[in-house]
Amino acid sequence: MRNSILLSLGLLVANAAHADLGAIPTESGWSGFLLGGVSASSHESNFYAGGDSHSRIDNLGSPQSESAFSALVNADIRYTFADTRTQVFLGNLIQDALRFDFTQQLGIRQAMGDKGIVAGSVVFNVMPVELWSDPFATGVDRSSTDAKSKGVRFAWDKIWGSNFNGSITSREVDLDEERSGQQYDLSHGTHYASMLDRSGKVHDMELSYQWHFGDGQLLEPAILYKQAKLDGSAESFDSKGLQLTYAKRGPQWSFVSNAYFGKRDYDEANPLFGQRADADELALTGTFFWHRLLGVKDLSGTVTIAYSQADADIAFYDTQTSSLSTGLLYNF
């Protein structure tokens, strides 16, 4: 659910049409982007508590729908040392946002001649994700808690001078107050809470390939793999997926679209339901850019439509998000 909530924000800044993805400028100095906008969204989740008025549920069935209207603010700030082909960066890199990755980073990138560009960074979420402390509690007002993450990432763009790009990320996820299953245990005399703990380690790997066509077109298929080795065995899972990104740049307008299809497989059955919460995942997005807005060279107006869902074997784990976002993107 975390990714689907951030989908509109990440893809709203995915301006692949403005420059060669990941290229380090040939001149020293500052570069990056600033984003401001608004988003209207509708989501269904039994786990995500941000902006959710459904603190009380009566049963462990499918999630209810919740609507939200929110502001979008984001930035990516970089400084390039042209002599050494080195770049330091802070924020959400444009090329990462295009690949569905919305993690904030502080790191360094280094060009290696014709061998590509390598990068190392620390990763973190600036704003904690708000989840229900015990999402399975029924008949009471559930309390929310913050989920924080931090870790490291290694990335290699244009591997050995090819059009392949790869990255590996390892992070630690920690919930301030993890109480999953505690109410159920008290009511039924069981000891399931330890199996439902959502804190732990998450590892992500991605490999993609870029095809550049005439008339400013880009096609990038990607293979994604995620392994969540969480403290709770029933919450640990492996996720495998395929993603396809298409971008088209024109002098006045540009368009970026993404399609993702994946499968999430859990390690063990959830003891409250007696089966695993395996899920089929789908995400579709499209972002339209109108360049030189109001006659300003580096200012673009943007509109994003996004939809994502996870269809799980346990209805309680189903999620769905749809959003419409618009904003102003300034590149410098």
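None of these values were measured; they are calculated from a predicted model.
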Would a distance-only check, ignoring hydrogens and angles, find a side-chain to backbone donor-acceptor pair under 3.5 Å from N46 to G61? yes
Check for a donor-acceptor pair, side chain of R198 on one end and backbone N or O of L175 on the other, with a separation under 3.5 Å. no
Would you say D298's side chain and Y330's backbone share a donor-acceptor pair under 3.5 angstrom? no
Could you check whether any side-chain heavy atom of D311 comes within less than 4.5 Å of a side-chain heavy atom of D318, counting everything from C-beta outward? yes
Do the side chain of R264 and the main chain of D278 share a donor and acceptor less than 3.5 angstrom apart? no
Check for a donor-acceptor pair, side chain of R85 on one end and backbone N or O of P25 on the other, with a separation under 3.5 Å. yes
Which residue is it: Q227, K226, R153? I am looking for the one with a side-chain hydrogen bond (donor to acceptor under 3.5 Å, both in side chains) to D204. K226
Checking E177 against S133: is there a side-chain donor and acceptor pair closer than 3.5 Å? no
Is the shortest side-chain heavy-atom distance between P63 and T319 below 4.5 Å? no
Scan side-chain atoms only and decide if S180 and D134 contain a donor-acceptor pair under the 3.5 Å cut-off. no
Find the distance between CG (L60) and CG (L272) and round it off to the nearest 0.5 Å. 6.5 Å
Please tell me if the side chains of T287 and V303 come closer than 4.5 Å, counting only heavy atoms from C-beta onward. no
Quick one, N270 and Y192 - any side-chain contact, counting heavy atoms below 4.5 Å? no
Evaluation steps, side chain to side chain contact (heavy atoms under 4.5 Å, CB included), between R171 and T169: CA-CA 7 Å; R171 74 193 81 190; T169 306; 3.2 Å; yes
Could you state the interatomic distance from OG (S121) to CD (Q104), rounded to the nearest 0.5 Å? 11.0 Å
Supply the atom-to-atom distance K248 NZ to W253 CH2, rounded to the nearest 0.5 angstrom. 5.5 Å
Classify the ring geometry between Y317 and F273 as parallel (under 30°), tilted (30 to 60°) or perpendicular (over 60°). perpendicular
Please state whether the rings of F81 and Y79 are parallel, tilted or perpendicular, taking 30° and 60° as the class boundaries. perpendicular
Does R142 reach the main-chain N or O of S55 with its side chain, forming a donor-acceptor pair under 3.5 Å? yes
Are any side-chain N or O atoms of E178 and backbone N or O atoms of T145, one a donor and one an acceptor, separated by less than 3.5 Å? no
Answer yes when K148 and D146 have at least one side-chain N-carboxylate O distance shorter than 4.0 Å, and no when they do not. no
Can a side-chain donor-acceptor contact be found between E268 and S233 if the only test is distance below 3.5 angstrom? yes
Does a side chain donor of either S323 or S41 reach within less than 3.5 Å of an acceptor in the other side chain? no
Walk me through whether Y48 and V129 qualify under side chain to side chain contact (heavy atoms under 4.5 Å, CB included). CA-CA 8 Å; Y48 180 74; V129 178; 4.1 Å; yes
Test your reading of the model: is there a side-chain donor-acceptor pair from N165 to the backbone of K158, 3.5 Å cut-off? yes
Can a donor-acceptor pair be found, under 3.5 Å and without considering hydrogens, that links the side chain of T302 to the backbone of G327? yes
L230 and S236: CA distance, side-chain angles, deciding distance, side chain to side chain contact (heavy atoms under 4.5 Å, CB included) verdict: CA-CA 5 Å; L230 306 181; S236 298; 3.7 Å; yes
When you measure from the side chain of N125 to the backbone of S149, do you find a donor-acceptor pair of N or O atoms at a distance under 3.5 Å? yes
Show the numbers, then the answer: is there a side chain to side chain contact (heavy atoms under 4.5 Å, CB included) between I57 and F316? CA-CA 11 Å; I57 57 175; F316 188 82; 3.9 Å; yes
Residues in ring-ring contact (aromatic ring centres under 6.0 Å, His included) contact with H203, at least two apart in sequence or another chain: none
Residues in ring-ring contact (aromatic ring centres under 6.0 Å, His included) contact with Y209, at least two apart in sequence or another chain: F164, W211
Under 4.5 Å between any side-chain heavy atoms of N59 and T138, yes or no? no
Can you confirm if the NZ or CZ of R276 lies within 45° of the ring axis of Y266 and under 6.0 Å from the centre of its six-membered ring? no
Any residue meeting salt bridge (Lys or Arg N to Asp or Glu O under 4.0 Å) with D174, in chain and number order, not counting sequence neighbours: none
Interatomic distance, Q64 atom CD to D58 atom CG [nearest 0.5 angstrom]: 8.0 Å
